A.B. asks: 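Here you go, one structure.
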Amino acid sequence: MLSGNNKTTPLLLLLLILAFSNSLPDEAPAAAAANSTGEAILYDIYPFIRVYKDGRVQRFIGQDFSPPSTDPATAVRSKDVVFSTNPNLSARLYLPASASANKKLPLLIYFHGGGFFTESAFSPTYHRHLNSLVAKSNIAAVSVNYRLAPEHPLPAAYQDSWLALKWTLSHSAGAGAEPWLNTYADFQRVYLGGDSAGGNIAHHISTRVGSENPYPSVKFAGMFLNCPYFLGKKPIANELSPQYSYAETLMKKLWVHAYPNSPAGLDDPLVNPGMDPGLKRVGCKRVLVYVAGNDVLRFRGWYYKERLEKSMWGGEVKVVEVEGENHVFNLINPTTPKAISMLNVLATFLNNHH
């Protein structure tokens, strides 16, 4: 059961800024307030989610729905499709206004963020983001919706995302169930992308592609990760700085509760790529990583580059650090100069095939 009042994008903005600020209040008052009404809390990961002992789940962000449409600002078209009936899973497809059957477009398979607990491919934040990215890049896109914890603990999100990938690639010969993919997608120019937890998923899918690509004729041209959600038991760089203490604790709580049965906890290769002996299997040769200067996860973004380069992978990985910005800043404030600059860089990346 879901509850919570989060009807405006400004609330998402407020909560995400609070989540990664340097002066967050303790979460104890929120828990105490709930307890004062006789509601026993199992765990509280504000501003993402609160889970009660009676099984109720309260999500604070990412529950609004934007319908598919022709976007008035960009003329990008979108529609929703079912890619699995067991489990029941869907995705949102996007096409730019210029789409023509005479010219195939690069294809982006995108995985949304939200800490594995919140958000969806259909939320206003991601609908707006994909409209903008598809218009600027002139690409086709599949925005994947996956099941969320705690109702569906990890590895469900990874399994769902792999199903989405296989369904998408089943159109590579032009004979799949979805006409948009058959007609417009260039399966020699496929990209993976995602932000935060979605960046984590994109990386995992890429390593799996590198070891068991279900459609070997498909070419993966690159991957971009926006503030990817990676962790580890052993602190690196400046993670222990007091300014990051709340955010670091929050990030770790998300993983522990999203994947309670993880065999290795914070050193599970799914969340700590540095512990993955098969890291060199990343299934493309170009990777672009964006990190934000005020985000504790930036240290893991740089560490990812270091470990990938040492893994004998053999590709090119670049990290762009945007100073003075918070986690997924481009989604929260998409019209700022830095966010627009990032959009332009992503568009270039998605059209630079070699």
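The model shown is predicted, which means the values in this text are computed figures rather than measured ones.
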A.B. asks: Does a salt bridge link Lys285 with Glu316, judged by any charged N lying under 4.0 Å from a carboxylate O?
C.D. replies: no
A.B. asks: Specify the closest pair of heavy atoms between Ala258 and Ala149, including all atoms of both residues, with the distance to one decimal.
C.D. replies: CA-CB, 3.9 Å
A.B. asks: Relative to each other, are the rings of Phe230 and Tyr304 parallel, tilted or perpendicular (30° and 60° limits)?
C.D. replies: parallel
A.B. asks: Should Leu346 and Leu133 count as side-chain neighbours, where that means a heavy-atom distance under 4.5 Å?
C.D. replies: yes
A.B. asks: Using a 4.5 Å cut-off on heavy atoms from C-beta on, say whether the side chain of Leu169 contacts that of Asn213.
C.D. replies: yes
A.B. asks: Shortest non-hydrogen contact from Ser172 to Ser217?
C.D. replies: OG-OG, 4.5 Å
A.B. asks: Both conditions, 6.0 Å and 45 degrees, for the charged tip of Arg281 above the ring of Trp313: are they met here?
C.D. replies: no
A.B. asks: Is it the case that His112 and Ser123 place a side-chain donor and acceptor less than 3.5 Å from each other?
C.D. replies: no
A.B. asks: Would the Phe116 and Tyr229 ring centres measure less than 6.0 Å apart?
C.D. replies: yes
A.B. asks: So, is the end of the Arg59 side chain (NZ or CZ) under 6.0 Å from the ring centre of Phe117 and within 45° of the ring's axis?
C.D. replies: no
A.B. asks: Do Asn351 and Ser137 have a side chain donor and acceptor closer than 3.5 Å?
C.D. replies: no
A.B. asks: Once you round to the nearest 0.5 Å, how far does CZ of Arg50 lie from CD of Glu39?
C.D. replies: 8.5 Å
A.B. asks: State whether the side chain of Lys253 and the backbone N or O of Tyr43 hold a donor-acceptor pair below 3.5 Å, judged by distance alone.
C.D. replies: no
A.B. asks: Would you say Arg298's side chain and Gly293's backbone share a donor-acceptor pair under 3.5 angstrom?
C.D. replies: yes
A.B. asks: Using a strict 4.0 Å threshold on nitrogen-to-oxygen distance, state whether Glu151 and Arg147 make a salt bridge.
C.D. replies: no
A.B. asks: Tell me if the centroids of the rings in Trp162 and Tyr158 come within less than 6.0 Å of each other.
C.D. replies: no
A.B. asks: Do you reckon Ile45 sits in the same ILVMFWY cluster as Leu266, going by side-chain contacts under 4.5 Å, direct or chained?
C.D. replies: yes
A.B. asks: Got a second to check how far Ser84's OG is from Asp160's CG, nearest 0.5 Å?
C.D. replies: 7.5 Å
A.B. asks: Please check this pair: side chain of His171 against backbone of Thr168, looking for a donor-acceptor N/O pair closer than 3.5 Å.
C.D. replies: yes
A.B. asks: If you round to the nearest 0.5 Å, how far is OG1 of Thr125 from CG of Leu130?
C.D. replies: 11.5 Å
A.B. asks: For Pro273 and His203, work out which heavy atoms get closest and say how close.
C.D. replies: CB-NE2, 3.9 Å
A.B. asks: Cluster question for you: counting only ILVMFWY and a side-chain heavy-atom cut-off of under 4.5 Å, with indirect links fine, are Val345 and Val134 together?
C.D. replies: yes
A.B. asks: Could you check whether any side-chain N or O of Thr183 sits under 3.5 Å from a backbone N or O of Trp180, counting only pairs where one atom can act as donor and the other as acceptor?
C.D. replies: no
A.B. asks: Once you round to the nearest 0.5 Å, how far does CG of Asn131 lie from OG1 of Thr70?
C.D. replies: 9.5 Å
A.B. asks: Supply the atom-to-atom distance Leu279 CG to Glu309 CD, rounded to the nearest 0.5 angstrom.
C.D. replies: 11.0 Å
A.B. asks: Would the distance check show the side chain of Thr336 and the main-chain N or O of Ala339 forming a donor-acceptor pair, the cut-off being under 3.5 Å?
C.D. replies: yes
A.B. asks: Between Val322 and Ile340, is there a shared hydrophobic cluster once you connect ILVMFWY residues whose side-chain heavy atoms come closer than 4.5 Å?
C.D. replies: no
A.B. asks: Taking the side chain as every heavy atom from C-beta outward, state whether Val81 and Ser90 have any atom pair closer than 4.5 Å.
C.D. replies: no
A.B. asks: Do Leu331 and Val320 land in one hydrophobic cluster if side-chain heavy atoms of ILVMFWY residues count as linked below 4.5 Å?
C.D. replies: yes
A.B. asks: Report yes if the distance between the aromatic ring centroids of Tyr191 and Phe349 is under 6.0 Å, otherwise no.
C.D. replies: yes
A.B. asks: Lys104 vs Tyr184, test: side-chain contact (heavy atoms from CB on, under 4.5 Å). Steps then yes/no.
C.D. replies: CA-CA 5 Å; Lys104 299 280 188 175; Tyr184 302 108; 5.8 Å; no
A.B. asks: Answer whether the closest heavy-atom distance between the side chains of Lys305 and Lys318 falls below 4.5 Å.
C.D. replies: no
A.B. asks: Would you say Asp268 and Ser262 are linked by a side-chain donor-acceptor pair, where the criterion is simply a distance under 3.5 Å?
C.D. replies: yes
A.B. asks: Could you report the tightest heavy-atom contact between Ala140 and Leu105, atom names first, then the distance?
C.D. replies: N-CB, 3.9 Å
A.B. asks: With side chains defined as the heavy atoms from C-beta onward, is the minimum distance between Ile49 and Pro150 less than 4.5 Å?
C.D. replies: yes
A.B. asks: Do Arg92's NZ or CZ and the ring of Phe65 fall within the cation-pi criteria of under 6.0 Å and 45°?
C.D. replies: yes
A.B. asks: More than 12 heavy atoms of other residues, nucleotides or ligands under 6.0 Å from NZ of Lys280: is that the case?
C.D. replies: no
A.B. asks: Honestly curious: do Leu163 and Val190 fall in one hydrophobic cluster under the side-chain, below-4.5 Å linking rule?
C.D. replies: yes
A.B. asks: Please check if any side-chain donor atom of Trp167 sits under 3.5 Å from a side-chain acceptor atom of Glu178, or the reverse.
C.D. replies: no
A.B. asks: Is the shortest side-chain heavy-atom distance between His127 and Phe122 below 4.5 Å?
C.D. replies: no
A.B. asks: Indicate, with yes or no, if the rings of Tyr146 and Phe111 have centres closer together than 6.0 Å.
C.D. replies: no
A.B. asks: If every non-hydrogen atom of Leu250 is compared with every non-hydrogen atom of Pro47, which pair is closest and at what distance?
C.D. replies: CD2-CD, 4.4 Å
A.B. asks: Does Tyr46 form a ring pair (Phe, Tyr, Trp, His ring centres under 6.0 Å) with Phe60? I'd like the steps, not just the answer.
C.D. replies: CA-CA 8 Å; Tyr46 188 82; Phe60 299 100; 4.9 Å; yes
A.B. asks: So, Asn330 and Asn226: side-chain donor and acceptor under 3.5 Å apart, yes or no?
C.D. replies: yes
A.B. asks: Would you call Lys136 and Asn344 a side-chain contact if the rule is heavy atoms closer than 4.5 Å?
C.D. replies: yes
A.B. asks: Cut-off 3.5 Å, side chains only: do Glu119 and Tyr126 have a donor facing an acceptor?
C.D. replies: no
A.B. asks: Distance only, no hydrogens: is a donor on one side chain within 3.5 Å (strictly under) of an acceptor on the other, for Tyr244 and Asp295?
C.D. replies: no
A.B. asks: Does the side-chain contact (heavy atoms from CB on, under 4.5 Å) test come out yes or no for Asn272 and Arg300, once each step is laid out?
C.D. replies: CA-CA 9 Å; Asn272 185 354; Arg300 293 288 165 176; 4.3 Å; yes
A.B. asks: Kindly determine whether Asp276 and Thr207 satisfy side chain to side chain donor-acceptor pair (under 3.5 Å), including the steps that lead there.
C.D. replies: CA-CA 10 Å; Asp276 184 359; Thr207 59; 4.9 Å; no
A.B. asks: Would the distance check show the side chain of Ser161 and the main-chain N or O of Ala157 forming a donor-acceptor pair, the cut-off being under 3.5 Å?
C.D. replies: yes
A.B. asks: Determine yes or no for a side-chain-to-main-chain donor-acceptor pair under 3.5 angstrom, with Trp255 supplying the side chain and Gly265 the backbone.
C.D. replies: yes
A.B. asks: NZ of Lys233 to CG of Leu231: how many Å apart, nearest 0.5 Å?
C.D. replies: 12.5 Å
A.B. asks: Testing the basics here: between Pro228 and Tyr290, what is the closest heavy-atom pair and its distance to 0.1 Å?
C.D. replies: CD-O, 3.8 Å
A.B. asks: Find out whether Ile236 and Trp302 are in side-chain contact, i.e. whether some heavy atom of one side chain is under 4.5 Å from a heavy atom of the other.
C.D. replies: no
A.B. asks: For Arg189 and Gly222, indicate whether the former's side chain and the latter's backbone hold a donor-acceptor pair under 3.5 Å.
C.D. replies: no
A.B. asks: Please check: side-chain N/O of Ser196 versus main-chain N/O of Gly198, any donor-acceptor pairing under 3.5 Å?
C.D. replies: no
A.B. asks: Just do the side chain to side chain donor-acceptor pair (under 3.5 Å) check on Asp195 and Tyr110 with the steps written out, would you?
C.D. replies: CA-CA 9 Å; Asp195 65 279; Tyr110 190 87; 2.6 Å; yes
A.B. asks: Just by distance, with hydrogens left out, do Thr74 and Asp71 show a side-chain donor and acceptor under 3.5 Å apart?
C.D. replies: yes
A.B. asks: Test Val282 against every option in Val317, Leu308, Val209 by the side-chain contact (heavy atoms from CB on, under 4.5 Å) rule and name the one that passes.
C.D. replies: Leu308
